[in-house]
Amino acid sequence: MLNVIVVDDHPLMRKGIALTISSEMDIEVVAQASSAEEALDMLKTLKPDIAVVDISLPGMNGIDLIKHLQTFRPEIKILVVSRHDEELYAERAIRAGAKGYLMKLEAGDVIVKALRRIASGGIFISEEVNHRLLMNMATGKSANRQSPLEILSDRELEVFGLIGKGKSTREIADKLFVSIKTVETYRSRIKEKLNMSSASELMQQAVQWVTTGN
């Protein structure tokens, strides 16, 4: 029996993923968590084989959760199932220690296949991402720099996305469980890294990125 924990802050999505997985006779969802912190608490007693993890989580995000699991529970294999574009996040997830990346829009069709491949020791990513990773290895690059946003840290990118969704500094702080001052620091770093001169330019570029998916 393959035991799985599902970590997603959207109840309907989490339950839908769990239902799809549980329809298989040899796969069981042993726990569901709405945050990374809740998942880590559950994992003090549970020993699942695979964790299905979303990127956007309240508090600690999915990438940070992957890194934590690599340190404290390295035996658990991780499949990321996210709405975020794999072009920007898949490599980050794989580098953090995940064994697969799947877009939520296609999860219902292939998630079981992805789980079985990961359980057998394989990696599940798209051909495009696989090619990019191989090219990076061949050329000695740690990451593909096609997008300037790839110079942002995982948390900075998360903040950038929230700015693009029109969230205020206070709303971002509340969602990420950090101080307003910390969010302001992230905003300053983002502007510096992306060579932006003003808060309005930051907002404009963030909104454009969110609406176009680039």
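These numbers were taken from a predicted model, which means no experiment stands behind them. Residue numbers run from 1 in the order of the sequence given.
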### Message
So R83 and H10, do their side chains get closer than 4.5 Å, heavy atoms only?
### Response
no
### Query
Which atom names give the shortest non-hydrogen contact between M42 and I5, and what distance separates them?
SD-CD1, 4.2 Å
### Task
Considering non-hydrogen atoms only, spot the tightest contact between L152 and R92 and give its length.
O-NH2, 2.8 Å
### Task
Looking only at non-hydrogen atoms, find the nearest pair between Y101 and L79 and report the distance.
N-CD1, 3.9 Å
### Message
Let me confirm one number: the CD1-CD1 distance from I63 to I55, rounded to the nearest 0.5 Å.
### Response
3.5 Å
### Option from L115, V52, I111 for which side-chain contact (heavy atoms from CB on, under 4.5 Å) with L102 holds
I111
### Task
Give a yes or no on whether M25 atom CE has more than 12 heavy-atom contacts from other residues, nucleotides or ligands under 6.0 Å away.
no
### Query
Mind checking what makes salt bridge (Lys or Arg N to Asp or Glu O under 4.0 Å) contact with R187, not counting sequence neighbours?
none
### Summary
All heavy atoms of K99 vs all of I94, minimum pair found to be C-CD1, 4.2 Å
### Task
Output yes when a side-chain donor or acceptor of E201 lies under 3.5 Å from a complementary backbone atom of S197, and no otherwise.
yes
Could you pull out every donor-acceptor pair under 3.5 Å between side chains of residues 13-22 and any protein atom, sequence neighbours left out?
| from | atom 1 | to | atom 2 | distance (Å) |
| --- | --- | --- | --- | --- |
| R14 | NH1 | D8 | O | 2.6 |
| T20 | OG1 | G16 | O | 3.0 |
| S22 | OG | A18 | O | 2.8 |

#### Entry: For E75, all residues meeting salt bridge (Lys or Arg N to Asp or Glu O under 4.0 Å), sequence neighbours excluded
R73
### Task
Work out which heavy atom in A51 is nearest to a heavy atom in I76; give both atom names and the distance.
N-CG2, 3.7 Å
### Minimum heavy-atom distance G62-V53, with the two atoms named
CA-CG1, 3.9 Å
### CD-CG distance between Q70 and L65, expressed to the nearest 0.5 angstrom
10.5 Å
### Query
Is V207 reachable from I172 through a run of hydrophobic residues whose side-chain heavy atoms are each under 4.5 Å from the next?
yes
Under 3.5 Å, which donor-acceptor pairs do the side chains of residues 27-36 form with other protein atoms, sequence neighbours left out?
| from | atom 1 | to | atom 2 | distance (Å) |
| --- | --- | --- | --- | --- |
| S34 | OG | E38 | OE1 | 2.8 |
| S35 | OG | E38 | N | 3.1 |

### Message
For the NZ atom of K175 and the OG atom of S56, what is their distance to the nearest 0.5 Å?
### Response
6.5 Å
## Note on the structure
d(E171 CD, I180 CD1) to nearest 0.5 Å is 10.5 Å
### Task
Determine which pairs satisfy ring-ring contact (aromatic ring centres under 6.0 Å, His included) with at least one residue from residues 158-185, sequence neighbours left out, and list them in order.
F160-W209
### Message
Is any side-chain heavy atom of L176 closer than 4.5 Å to one of L162?
### Response
yes
### Query
Out of curiosity, L43 CG to H68 NE2, how far, rounded to the nearest 0.5 Å?
12.0 Å
#### Entry: Nearest-0.5 Å distance, NZ of residue K77 to CD1 of residue I123
11.0 Å
### Message
Can you list everything that forms a ring pair (Phe, Tyr, Trp, His ring centres under 6.0 Å) with F124? Sequence neighbours excluded, please.
### Response
none
### Task
Carefully, step by step, assess D26 and R116 under the rule side-chain contact (heavy atoms from CB on, under 4.5 Å).
CA-CA 10 Å; D26 59 338; R116 294 192 189 284; 2.8 Å; yes
### Query
Can you list the steps and then say if V183 with V178 is a side-chain contact (heavy atoms from CB on, under 4.5 Å)?
CA-CA 7 Å; V183 176; V178 298; 3.7 Å; yes
### Query
Are there more than 12 heavy atoms of other residues, nucleotides or ligands under 6.0 Å from atom NZ of K167?
no
### Query
Are any side-chain N or O atoms of D49 and backbone N or O atoms of N3, one a donor and one an acceptor, separated by less than 3.5 Å?
yes
### Message
Do L69 and L40 make a side-chain contact, defined as non-hydrogen atoms from C-beta onward lying under 4.5 Å apart?
### Response
yes
### Task
Flag yes if I78 and L46 sit in one hydrophobic cluster, no otherwise; membership is Ile, Leu, Val, Met, Phe, Trp, Tyr, and two members link when side-chain heavy atoms are under 4.5 Å apart.
yes
### Message
Between Q205 and L194, is the side-chain contact (heavy atoms from CB on, under 4.5 Å) condition met? List the steps.
### Response
CA-CA 10 Å; Q205 293 298 321; L194 299 183; over 6 Å; no
### Message
Do the side chains of R155 and E158 get close enough for a salt bridge, i.e. N-O under 4.0 angstrom?
### Response
yes
